[in-house]
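Report on one structure; see the data block that follows.
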Amino acid sequence: MNKNIPPKSVYFAFCIALILTTFEYFFRLKGSQIFLLPIMLLCFNYNRSRITEGQITVFAVFFIISILQCIFSILTLNGLIGQICFLLNSIILASMINRYFTVVFVKTISFIAKYSCFIYFMCIIFNPICEFLVNQVCPLFISLNVEDAVDTGGGINFMIYNFQVNPLQITSMLKNCGPFWEPGMFAVMLNLALFLNIFVLKNTGRNNIILIVAIITTFSTAGYIILSFIFIAHSFYSKSKWSFIITLAISVGFIYFTWNLDFMWNKFYNDFESASTNDLTRFGAFYKHIKILKENLFLGGNLSGVTIDNETGILANGISNIFIAWGIIGGTLYYIFMFLSCKKQLSNNQMDDSLYIVYFILLILLAFSQTVTTSLLYYVILMLGLTKQSNKNLINEPNQI
């Protein structure tokens, strides 16, 4: 077997984890981490993977904080069990996927982008198809525990594709969610895949066009901002003068076009203006997190996306949410571990030595609009750089995509 080709069991483990933790249909499944653990253990044993000392160190840090949170009644016993299972799933999946991460992630998200764009444009062009899916098919797939949804009714989905509650929010256009709980989360996955495909796998083919088109169809404000960031970064890492000029011109044109869209300014302005009164906005969540953190600075609060029982408790700002999950010390250590992981993951990359800083900034920017810092994906990324093969984690043959 070619060692550069990810085993099917690794794809299976990653896809199961992605489906159970991010797809709209399963997103609110209670006990999902407990259900996921035996699957991860079976795949781990099948692949004969190894957990390194660095990963055990990170696990120990957050395990100790979890125990203290339970002792001081910040975390319930059930919450503690769920959180420990979450940490175990993270470390097991990271040890399995290891050097295959980029290929597995990019290929998986690209596949989702392709079929999601197909469904999206079919619904745009042929309205009867959209009505049939929304009115006839989606009612057969009511999201699990949908009564806990922030928006009454939850997502209108048929498991592999989500129409969201209101398909015509803000833009009067259908927003492409893919299978995820909202378009913003789909944009996170797409932008991360695009970055890895361009900078790490160094692919410049049609796959990038598909990912960019999918990002545009999300109509996500944060998604557009991150895409602009990737364009600008790519222009500065271009090796030739003409490539730099062309890429920079495209970047400036895209930024000018998107920031002249009404919904971009309206969303940004409304979120900023209502920060002190609306906890569900990104700025409002940050403001609320500060107040919660003051009540328990060292051990955090009870709004972690990992252990929360009711979706209404998850405030949409992943940057500050991690401090609520672990406290000021744990949150700071989290970002230190993430920074070191990004550096190690790209240490053997044949591009500029500063690329890992761009990678780290990207992960932070992606977290501003989504609670991804407490997601399984981010903990896997955090632990990838702590493996013995850390300098090869993201390096794979470009022609695999």
Just say parallel, tilted or perpendicular for the rings of [X] and [Y], cut-offs at 30° and 60°.
| X | Y | value |
| --- | --- | --- |
| Trp181 | Phe27 | parallel |
| Tyr335 | Phe323 | tilted |
| Phe158 | Phe163 | tilted |

Where the side chain of [X] meets the backbone of [Y], is there a donor-acceptor pair that is under 3.5 Å apart?
| X | Y | answer |
| --- | --- | --- |
| Gln69 | Thr76 | no |
| Tyr115 | Ile160 | yes |
| Ser375 | Val372 | yes |
| Ser341 | Phe337 | no |
| Gln136 | Leu133 | no |
| Ser354 | Ile357 | no |
| Asn45 | Leu41 | no |
| Asn191 | Gly223 | yes |
| Tyr224 | Ile216 | yes |
| Tyr334 | Thr373 | yes |

Specify the closest pair of heavy atoms between [X] and [Y], including all atoms of both residues, with the distance to one decimal.
| X | Y | value |
| --- | --- | --- |
| Val104 | Pro6 | CG2-CB, 3.7 Å |
| Met383 | Leu87 | CE-O, 4.5 Å |
| Leu293 | Gly300 | CD1-CA, 4.4 Å |
| Gln370 | Met185 | NE2-N, 3.5 Å |
| Cys85 | Ile34 | SG-CG1, 3.8 Å |
| Lys175 | Pro183 | CE-CG, 3.8 Å |

Measuring from atom [atom1] of [X] to atom [atom2] of [Y], what distance do you get when rounded to the nearest 0.5 angstrom?
| X | Y | atom1 | atom2 | answer |
| --- | --- | --- | --- | --- |
| Phe59 | Ile64 | CZ | CD1 | 10.0 Å |
| Leu366 | Leu192 | CG | CG | 6.5 Å |
| Ile328 | Leu333 | CD1 | CG | 10.5 Å |
| Thr374 | Asn321 | OG1 | CG | 5.0 Å |
| Ile364 | Ile322 | CD1 | CD1 | 9.5 Å |
| Ile65 | Leu299 | CD1 | CG | 7.5 Å |

Would you call [X] and [Y] a side-chain contact if the rule is heavy atoms closer than 4.5 Å?
| X | Y | answer |
| --- | --- | --- |
| Tyr100 | Phe14 | no |
| Ile198 | Asn203 | no |
| Phe132 | Cys123 | no |
| Glu24 | Glu182 | no |
| Asn47 | Pro7 | yes |
| Leu363 | Cys342 | yes |
| Ile39 | Phe12 | yes |
| Asn162 | Pro179 | no |

With distance as the sole criterion, is a donor-acceptor pair present between the side chains of [X] and [Y] under 3.5 Å?
| X | Y | result |
| --- | --- | --- |
| Ser116 | Asn176 | no |
| Asn98 | Ser49 | no |
| Gln33 | Gln83 | no |

Passing candidate, side chain to side chain contact (heavy atoms under 4.5 Å, CB included) with Leu29, options Leu36, Thr21, Leu144: Leu144
Centre-to-centre under 6.0 Å for [X] and [Y], is that the case here?
| X | Y | result |
| --- | --- | --- |
| Phe298 | Phe72 | no |
| Tyr359 | Phe199 | no |
| Trp326 | Phe62 | yes |

Verdict with reasoning, Ile97 to Leu384, per side-chain contact (heavy atoms from CB on, under 4.5 Å): CA-CA 8 Å; Ile97 203 168; Leu384 280 177; 3.8 Å; yes
Neighbour count >12 (heavy atoms, 6.0 Å) for atom CZ, Phe121: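 Yes, because the 6.0 Å sphere around CZ of Phe121 holds more than 12 heavy atoms from other groups.
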Ile124, CD1 atom: more than 12 neighbouring heavy atoms under 6.0 Å: yes
side-chain contact (heavy atoms from CB on, under 4.5 Å) assessment of Leu376 paired with Leu18: CA-CA 8 Å; Leu376 192 66; Leu18 188 72; over 6 Å; no
Worked check of side-chain contact (heavy atoms from CB on, under 4.5 Å) between Leu382 and Tyr378: CA-CA 6 Å; Leu382 183 148; Tyr378 263 53; over 6 Å; no
Phe360/Tyr356 under ring-ring contact (aromatic ring centres under 6.0 Å, His included): CA gap, chis, key distance, verdict: CA-CA 6 Å; Phe360 178 73; Tyr356 74 91; 8.9 Å; no
Residues Met122, Phe126; criterion side-chain contact (heavy atoms from CB on, under 4.5 Å); working and verdict: CA-CA 6 Å; Met122 286 290 288; Phe126 304 104; 4.0 Å; yes
